[in-house]
Number of protein chains: 2
Amino acid sequence: MTVSRAAEKSSEKPADSAKGRKDAAEVQGQGAAGEALQLGELSEQLGYVLKRAQLKVFENFLRCMASLQLTPAQFSVLLLVEKNPGRNQTEIASTLGILRPNFVAMLDNLESRDLCARIRSTNDRRSHILVLTDKGKAVLARAKKLVATKHEARLNELLGQANREALIAMLAKVASEF
Amino acid sequence: MTVSRAAEKSSEKPADSAKGRKDAAEVQGQGAAGEALQLGELSEQLGYVLKRAQLKVFENFLRCMASLQLTPAQFSVLLLVEKNPGRNQTEIASTLGILRPNFVAMLDNLESRDLCARIRSTNDRRSHILVLTDKGKAVLARAKKLVATKHEARLNELLGQANREALIAMLAKVASEF
DNA sequence: TATTGTTATACTCTATAACTATA
DNA sequence: TATAGTTATAGAGTATAACAATA
């Protein structure tokens, strides 16, 4: 357990004062039983809607990719390696915001599925050059089609083409400049 | 380790074939050493920009809230309890997409800091009604001011008021309908 | 000495089963 | 029996230190 429950248990709750009990009595009648809660200002909070949207989009992505068993992170690795062949693990990982130690297991997975290969560099024998295998290229091509016809298409039908592009442009700006 | 490294080790890499070595030779010269990588299609991927934007926004939120030591999740709990007094843990947690077991430690934390209180319901003694303490109300008020003057203000200066509202509206739509 | 890939490790989030006390 | 809160636990994702091989 991260948050110490013992610390909480050992401190008397200040709400258990005379004033606290008065508040308790006041609140007992409130909160209309079966009704939906009001989000209030929460629905205007950037971080809140951003997080909820991200979870939904990832869920949809995973459903669209079920037949290929690719996560968003794995898809991003394949895309980046295809676009930048001849780069090493450190370069690919850091571009994606993945820490080098955490990239090892990811690559182990992709390599064990014969989607990607590590090649010892002849220039610098410390480096592993990353390349897509033929199977990796084929799977990525199929993945791109699924993304375009199922995932992006869903977003287009929800927002329209123009809004979809505007949304992505704004998110890219936030990601790079916020 | 989640992904079995043994499984990968036990399978010979298909890239270590005659064809694989030929590809390796081809790729060794590529990848201009010190230059930045090209994101390519990645910068158009909704999930990718969404995730990167979300991380940046949360980081900024945490910096703005450093003096109050409130995370985005904690802020959302305080906002929702203030807007919906008299509701129990299950209702507050599920509205926020937090699983009940995981909500316990969160509330322990907020209660130990005297921001929030659990009150045993008189109608149903299984339920804990949630309310903000006086300190919780005061801290939330200060938090709202910090969010408005630092966090939201930053987004406004980056996108402009109209675009900011459009962005949040689109994210809300994606979160609820995607 | 510095860097690449790697291991070990720890902390946070998230997810499920099962317990207790109430209903 | 069903539900609210809780505990224990397991799995992802993320973070840092340190090691071997190489530069």
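Computation of the quantities below employed the complete heavy-atom set of this structure, encompassing side-chain atoms and omitting hydrogens, waters and symmetry-equivalent molecules. Lettering follows sequence order; numbering is per chain, from 1.
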Measure from [atom1] on [X] to [atom2] on [N] and round the result to the nearest Å.
X: N109(A); N: dG13(D); atom1: CG; atom2: P; value: 10 Å
X: Q74(B); N: dC13(C); atom1: CD; atom2: C1'; value: 13 Å
X: R125(A); N: dT3(C); atom1: CZ; atom2: C1'; value: 15 Å
X: D108(A); N: dA8(C); atom1: CG; atom2: P; value: 12 Å
X: E59(A); N: dT14(C); atom1: CD; atom2: P; value: 12 Å
X: F103(B); N: dT7(D); atom1: CZ; atom2: P; value: 15 Å

Not counting sequence neighbours, which residues clear salt bridge (Lys or Arg N to Asp or Glu O under 4.0 Å) with E41(B)? List them please.
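With neighbours one apart ignored, the set is K144(A).
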Set of salt bridge (Lys or Arg N to Asp or Glu O under 4.0 Å) partners for R113(A), sequence neighbours left out
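Partners of R113(A) by the salt bridge (Lys or Arg N to Asp or Glu O under 4.0 Å) criterion come out as none, since no residue qualifies.
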Not counting sequence neighbours, list each pair that qualifies as a side chain to side chain donor-acceptor pair (under 3.5 Å) and has a residue in residues 53-65 of chain A.
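Those involving residues 53-65 of chain A are N60(A)-H151(A).
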Please table the atom pairs, donor to acceptor, closer than 3.5 Å between any side-chain atom in residues 170-178 of chain B and protein atoms at least two apart or in another chain.
residue: S176(B); atom: OG; partner: A172(B); partner atom: O; Å: 3.1
residue: S176(B); atom: OG; partner: K173(B); partner atom: O; Å: 3.4

Please set out all donor-acceptor pairs under 3.5 angstrom arising from side-chain atoms of residues 124-131 of chain A, sequence neighbours excluded.
residue: D124(A); atom: OD1; partner: R126(A); partner atom: N; Å: 3.0
residue: D124(A); atom: OD1; partner: R126(A); partner atom: NE; Å: 3.1
residue: D124(A); atom: OD2; partner: R126(A); partner atom: NE; Å: 3.4
residue: D124(A); atom: OD2; partner: R126(A); partner atom: NH2; Å: 2.9
residue: H128(A); atom: ND1; partner: Q89(A); partner atom: OE1; Å: 3.2
residue: H128(A); atom: NE2; partner: R120(A); partner atom: NH2; Å: 3.4

Review item, nucleotides 3-5 of chain D N/O atoms under 3.5 Å of protein N/O:
residue: dT3(D); atom: O4'; partner: R126(B); partner atom: NH1; Å: 3.4
residue: dT3(D); atom: O2; partner: R126(B); partner atom: NH1; Å: 2.7
residue: dG5(D); atom: OP1; partner: Q89(B); partner atom: N; Å: 3.0
residue: dG5(D); atom: OP1; partner: H128(B); partner atom: N; Å: 3.0
residue: dG5(D); atom: OP1; partner: H128(B); partner atom: O; Å: 3.3
residue: dG5(D); atom: OP2; partner: T90(B); partner atom: N; Å: 2.7
residue: dG5(D); atom: OP2; partner: T90(B); partner atom: OG1; Å: 2.4
residue: dG5(D); atom: O3'; partner: H128(B); partner atom: ND1; Å: 3.3

Please list, chain by chain and in numerical order, all residues satisfying side-chain contact (heavy atoms from CB on, under 4.5 Å) with T149(B), sequence neighbours excluded.
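With sequence neighbours excluded, T149(B) shows a side-chain contact (heavy atoms from CB on, under 4.5 Å) to no residue whatsoever.
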Heteroatom pairs (N/O) under 3.5 angstrom, protein to nucleotides 14-20 of chain D:
residue: dA15(D); atom: N7; partner: N102(A); partner atom: OD1; Å: 3.4
residue: dA15(D); atom: N7; partner: N102(A); partner atom: ND2; Å: 2.9
residue: dA15(D); atom: N6; partner: N102(A); partner atom: OD1; Å: 2.7

Inter- and intrachain pairs under salt bridge (charged side-chain N to carboxylate O under 4.0 Å, His left out), touching residues 66-76 of chain A, at least two apart
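Found none.
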Regarding Q38(A) and N84(B), is there a side-chain donor-to-acceptor distance under 3.5 Å anywhere?
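Judged by distance alone, the side chains do not pair up.
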